[in-house]
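This report concerns only the one structure given below.
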Amino acid sequence: MVCACALALTMSLLLGRLSQWVNHRQCFLISRALRVQQLHSSSAGLTDSSYDGLYPGHIQTTPIQKALLAVGSGVAALQNPYRHDMVAVLGETTGHLALIKLRDRMRNDPEGYTILTERPRIRLSTLDLNNMASLPDGSFGREYLRFLEDNRVTPDSRADVKFVDDEELAYVMQRYREVHDLLHTLLGMPTNMLGEVAVKWFEAAQTGLPMCALGAVLGPLRLNASRLQSLFTSLGPWALQNGRRSRCILSIFYERRWEQSLEDLRQELNIEPPPDTLRATNKSST
């Protein structure tokens, strides 16, 4: 216990120094990156006939522009992890190789292949909220709806992909983005910073997306010592283990699983329930 506390305090000090070092470089990087994004986003108000043919909303960028956007958005996301727009840009500009691997995993899974073919979207317009509300407690659909209501979130808040230069890979990124809240439900994680970091550890092990790895490494900057201890001794190892061994989370047609029990779906995906220490941690100060 003493060693765990010492490790948590040491990590907190090191990550704090890293944050100070990054702060000195933040303004220049963010301003340059956002300038690039603004220049390209100026065409967003045009009709779909003006896009370059990959998919509606696509913004063509050079490798240099992508690198600049990646650095700037990464720094901005580090300073404020709830800047979902910056997190989205970071994921799109750094995730090409990981998206290829995820796409291939989906192609090799019958259910994943169906998803790639039918291209379902998880939006309020595609969800039957009344039916989900009528499902019994413990069903996946009812628990997902409860998550949305309790945390006052909506699937419509997920931004559309813009910077991925492949139409199919853009959908894979979009699907990953839209199942994020479903993953919170599957993992039993709250939307506080500890819960978000634990989900990022799972996603890093599961998807290989650099954005997830960065969030897993730098996310603990926002945690106090007690929550760092919980992350390193319990939640983190649990998230990594389940992320490595579970079935591909993008290969599940969740829209057809609302009536399935959450427990059964976890067993099918080979995901263990969250550690009991999470309850105790949630009762402590945030």
Side-chain angles (χ1 to χ4, degrees), residues 1-23 26 73-84 86-87 90-91 94-95 98 147 150-151 153 176 179-249 262 266-267 269-286:
M1 182 65 69
V2 174
C3 292
C5 291
L7 175 61
L9 289 172
T10 301
M11 288 296 298
S12 179
L13 290 173
L14 291 175
L15 291 173
R17 291 178 180 176
L18 176 60
S19 179
Q20 293 176 356
W21 179 83
V22 169
N23 280 339
Q26 177 189 12
S73 60
V75 174
L78 171 62
Q79 295 301 308
N80 183 1
Y82 292 104
R83 282 290 305 274
H84 298 300
M86 293 293 96
V87 174
L90 178 63
T94 62
F147 171 86
D150 289 349
N151 295 282
V153 296
Y176 156 77
V179 304
H180 177 80
D181 289 337
L182 298 174
L183 190 54
H184 270 275
T185 304
L186 283 170
L187 298 179
M189 290 293 106
T191 57
N192 60 22
M193 186 53 61
L194 178 60
E196 292 291 352
V197 173
V199 171
K200 277 292 174 280
W201 282 40
F202 178 97
E203 290 178 338
Q206 165 79 197
T207 68
L209 286 167
M211 170 198 64
C212 298
L214 185 65
V217 172
L218 299 181
L221 279 169
R222 300 284 175 168
L223 301 177
N224 59 31
S226 64
R227 288 179 176 257
L228 277 174
Q229 180 182 349
S230 177
L231 178 68
F232 291 138
T233 62
S234 179
L235 282 178
W238 165 81
L240 289 175
Q241 181 183 32
N242 282 274
R244 292 191 194 101
R245 73 182 187 182
S246 69
R247 181 180 169 187
C248 179
I249 57 173
L262 178 58
R266 281 174 174 167
Q267 291 179 353
L269 294 177
N270 203 20
I271 295 176
E272 296 178 346
D276 291 336
T277 55
L278 179 64
R279 298 188 183 93
T281 303
N282 285 335
K283 293 180 181 178
S284 64
S285 61
T286 57

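Only this structure's heavy atoms are used, side chains among them; waters, hydrogens and symmetry mates stay out. None of the values given here were measured: they were computed from a predicted structure.
Separating the CG atom in L235 from the CZ atom in F202 is a distance of 13.5 Å, to the nearest 0.5 Å. Taken to the nearest 0.5 Å, the CE atom of M193 stands 7.0 Å off from the CG atom of L223. A distance of 9.0 Å separates CG in L221 from CG in L228, rounded to the nearest 0.5 Å. Considering CG of N151 and CG of N192, their distance stands at 9.0 Å, rounded to 0.5 Å. Atoms CZ and CG, on R247 and L269 in that order, are 6.5 Å from each other to the nearest 0.5 Å.
Here the closest heavy-atom approach between residue P274 and residue M189 is recorded as CB-CE, 3.7 Å. Listed here is the closest heavy atom pair of Q206 and I249: OE1-N, 2.9 Å. A pairwise comparison of heavy atoms in A98 and T207 identifies CB-O, 3.8 Å as the closest pair. Smallest separation of non-hydrogen atoms from P220 and L231: CG-CD2, 3.8 Å. Of all heavy-atom pairs between W238 and P275, the closest is CD2-CD, 3.7 Å. Here the closest non-hydrogen pair linking L186 and L262 is CD2-CD1, 3.9 Å.
Listed by first and then second residue, the salt bridge (Lys or Arg N to Asp or Glu O under 4.0 Å) pairs involving residues 197-216 are K200-E203 (not counting sequence neighbours). Under the salt bridge (Lys or Arg N to Asp or Glu O under 4.0 Å) criterion, no residue pair touches residues 182-192, with sequence neighbours excluded.
Counting heavy atoms from C-beta outward, H184 and E196 have side chains that approach closer than 4.5 Å. With a 4.5 Å cut-off on side-chain heavy atoms, V87 and M211 count as touching.
A donor-acceptor contact shorter than 3.5 Å is absent between the side chain of W201 and the backbone of G243.
Shown here are the side chain to side chain contact (heavy atoms under 4.5 Å, CB included) partners of Q241, two or more places apart in sequence or in another chain: R245, E272. Partners of T185 according to the side chain to side chain donor-acceptor pair (under 3.5 Å) rule, which considers only residues two or more places apart in sequence or in another chain, do not exist here. Under the side chain to side chain contact (heavy atoms under 4.5 Å, CB included) criterion, V179 pairs with I122, R175, L182, L250, Y254, sequence neighbours left out. R244 meets the side chain to side chain contact (heavy atoms under 4.5 Å, CB included) test with A205, L240; sequence neighbours excluded.
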